[in-house]
Structure formats: C-alpha cells, structure tokens
Amino acid sequence: MPELPEVESVRRALAPVVGVPVVGVRVARRDVVRDEAGRRRGRLDPAGLLAGDRVEAAERKGKQLALVGASGRVVLVHLGMSGQVLLPAPGGRVSGGHAHVVWTLGDGRRLVFRDPRRFGGIWMLPDPDALAERWSRLGPDGLAVTGADLARALGGSRRAVKAALLDQAAVAGVGNIYADESLHAARIAPTRACASLGRADWDRLASCVRSVLRGAIRAGGSTLRDYRLPDGSAGEAARRHRVYARAGQSCPDCGGEIAGMLLAQRSTCWCPSCQH
DNA sequence: CGTGGCCCCTGTGGGC
DNA sequence: TGCCCACAGGGGCCAC
C-alpha cells in the first residue's frame, strides 16, 4: 500500500514526536521486529526500539521510514501493504487490533505500529552507518530521480518499463499506483521494454515520477483502504488518480477507454490510445 | 547475472 | 442470507 507519498505524509506528521523522550515500549508480536541480521526471535532489548532514548529525527528514503534516536540507534519501519504508524489522541483507542508495537512517549502520548497483514515490519539498527548501508542498496529517492538515473539503471533492461519502475534498486518509492500514474503522465505504455526507450523518454518519465509523487504528497497520500495518517485521517490523493483502478472508465486526457491488465503480477491500468 | 513466478498474511467485496 | 473466491498499496526468495 503505502508508497513514497504515503510514507512521506506519515513522516511529516511525526514532527511533534521529534525531541520527545521515549519512556517505554510494549511489543505484542515479537516477530514483526527484526535485528540488523534479520532475526525475529530471541530476547529483545527495549533499548533497540529506543526505550529510554529520545527521537532526534524522522527520516525517509523511498518507502522506508527511520526514527533516529539521540543514542544513534535507529528504528526502521516498513509499512508493507497494510502497515500504519499512529499517534492516537491521549486516551484514544486504536481500533481493529493488530497493534504490534506500542511506544509510550514522555508527553503522555503513544506511538503505535499496527499492520494486519504483517507484510511490513520494524528493523532495529545499531547506528546511522547501518541505516546508510541499508539505504545505499536503494536507488535514488523518487522525489529526486533524474532521467540519467533511470537510463543508467534500466536502459539496457529487457523488462517492461512498469516492472522496472517497481524495482526499488532503480528508483526508491514508486509502487503500483504511482507507476501507473507516472507512465500515464509521461504517455509511455507500461508494456514497453526498457531497452526501447530513448533518453528523452527517460527524462520525461523521471520528471513525471517526481511531479506525480509531489502532487500526491500535497494531497496527504492515497487512502484506498488501510492507509491512514498518524491522526487516523484519510489521505485525499486517490481522488486525483487518472488511471489507477479505473479500468473500463474513460481516460481524462483523450476520453478513450482505460485498459486493465496483469503485468509483473500486479494489476495495471493504462490508456492504449495516449500511451505508446 | 537478470528475470519471472510464487509466497507470505488478513480483510473485504462481489458473485453465485 | 451466506459462502467462497479473487484481489489488495510490497518485497524476499527461488528456479530458470
């Protein structure tokens, strides 16, 4: 679910948590928390989840969110398909269960990680170097990606361009919604082989990726079902979708019928009359 | 090596 | 009304 705009919207909404002490943490499901090596069993040191620490910064690359402690320890959060980071009002309840990790903050509030499907999770990293190492495996962030970046990473690939856009090592933060939306804005068919695109195509596509992501952030992200801002409210970006989940409806640009297909095991929507 | 396919998991909406 | 299947924003791992 959450792609770059949703994670960035969450990150921005966590500004009130920065500078606040972390009093303690309760872990209801041990296996959503992993150490640096990826292990999800064994004794869990609460300090690894910033208990007794203080949140110094909330950072993001692609779809990954990092809470950096004053100690230098890092809590890295992946939302997967159904993950949420919630900051309920004091005394408020988090409905629906699946609240796997709950932090108690010094200002009396709670920070909650819930994730019904558990495709997401939390990684405890010992220091900022470990975070930098992890993030070095991601491609450039979607808000900053250039045509040169895409051409270098994907220019020789035989894959369909949509499948390639979903590769986080090529560009970090684009998922199924914004891949379809960016390709439509760039007027490029999702089925086109990467190797058939020229430099002008990559430049236009990168530009469209950046603007589509920026626009979705302005709208607070796309709420289809699970995604919520930390205060529980929905993002409004889904109103702006031009092709995603609109198969059979008319293209807002040309009025032609939007096609639906399966590409790389993901539902894909596009306009065959204006994307080539 | 690059690439496609399968699987992880829960919840829900539609069709029968 | 109720059941069952298909499908959902992601990504790791496997076999080709």
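What you see below is based on every heavy atom in this structure, not just the backbone, and it leaves out hydrogens, waters and symmetry mates. Proteins come first, then strands; the chains are lettered A, B, ... in the order of their sequence lines, and each starts at number 1.
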Before giving the answer on side-chain contact (heavy atoms from CB on, under 4.5 Å), spell out for A:V243 and A:E181 the whole-Å C-alpha distance, their side-chain angles and the decisive distance to 0.1 Å.
CA-CA 6 Å; A:V243 286; A:E181 294 296 318; 3.5 Å; yes

Quick one: do A:H184 and A:D253 satisfy side-chain contact (heavy atoms from CB on, under 4.5 Å)? Show the steps, please.
CA-CA 10 Å; A:H184 181 260; A:D253 287 352; 3.3 Å; yes

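To the nearest angstrom, C1' of B:dT3 lies 17 Å from NZ of A:K162. If you take CG of A:L224 and C1' of B:dT12, they are 13 Å apart, rounded to a whole angstrom. Distance, A:R266 CZ to B:dC7 C1': 13 Å, rounded to whole Å. For the pair A:H100 NE2 and B:dT10 P, the interatomic distance rounds to 9 Å; values are reported in whole Å. For the pair A:D226 CG and B:dT12 P, the interatomic distance rounds to 9 Å; values are reported in whole Å. In this structure, A:D115 atom CG and B:dC8 atom P are separated by 16 Å, rounded to whole Å. Rounded to whole Å, atom P of B:dT10 lies 16 Å from atom CD of A:Q84. Counting to the nearest Å, the P atom of B:dT10 and the CZ atom of A:R118 are 5 Å from each other.
Residue whose closest nucleotide on DNA chain C sits further toward the 5' end, between A:L166 and A:R117: A:R117. Nucleotides of DNA chain C nearest to A:H78 and A:N176 differ in position, and the one nearer the 5' end is that of A:N176. Along DNA chain B, the nucleotide nearest A:A160 and the nucleotide nearest A:R225 are compared for position; the residue whose nucleotide lies closer to the 5' end is A:A160.
Only one option out of A:E8, A:E6, A:E3 pairs with A:R60 in a salt bridge (charged side-chain N to carboxylate O under 4.0 Å, His left out); it is A:E8. In summary, of the residues considered (A:V55, A:V75, A:V22, A:L67), a side chain to side chain contact (heavy atoms under 4.5 Å, CB included) with A:L111 occurs for A:L67 alone.
The closest donor-acceptor contact from the side chain of A:D53 to the backbone of A:G69 lies at 3.5 Å or more, if one exists at all.
Between A:W123 and A:V74, every side-chain heavy-atom pair lies at or beyond the 4.5 Å cut-off. Here the side chains of A:D203 and A:R199 are in contact, with some heavy-atom distance below 4.5 Å.
C:dC7 sits 16 Å from B:dG5 when the P atoms are compared, rounded to a whole Å. Look at the P atom in both C:dA6 and B:dC6: the space between them is 14 Å, to the nearest Å.
Between B:dC9 and A:S82, no contact under 4.0 Å exists linking OP1 or OP2 to a side-chain N or O. In this structure, A:H98 reaches the B:dG11 phosphate: one of its side-chain N or O atoms is under 4.0 Å from OP1 or OP2. Here A:Q168 reaches the OP1 or OP2 of C:dG11: one of its side-chain N or O atoms lies under 4.0 Å away.
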Pairs counted only when both distances fall under 3.5 Å, Watson-Crick or G-U: show me the 5' to 3' dot-bracket for DNA chain C, [ ] for pseudoknotted crossings and | for other-strand partners.
.|||||||.|||||||

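Minimum atom distance to the side chain of A:R158 is reached by B:dT3, of the listed C:dG11, B:dT3, B:dG11.
By the criterion of a centre-to-centre distance under 5.5 Å and near-parallel planes under 30°, the ring of A:F119 forms no stack with the base of B:dC9.
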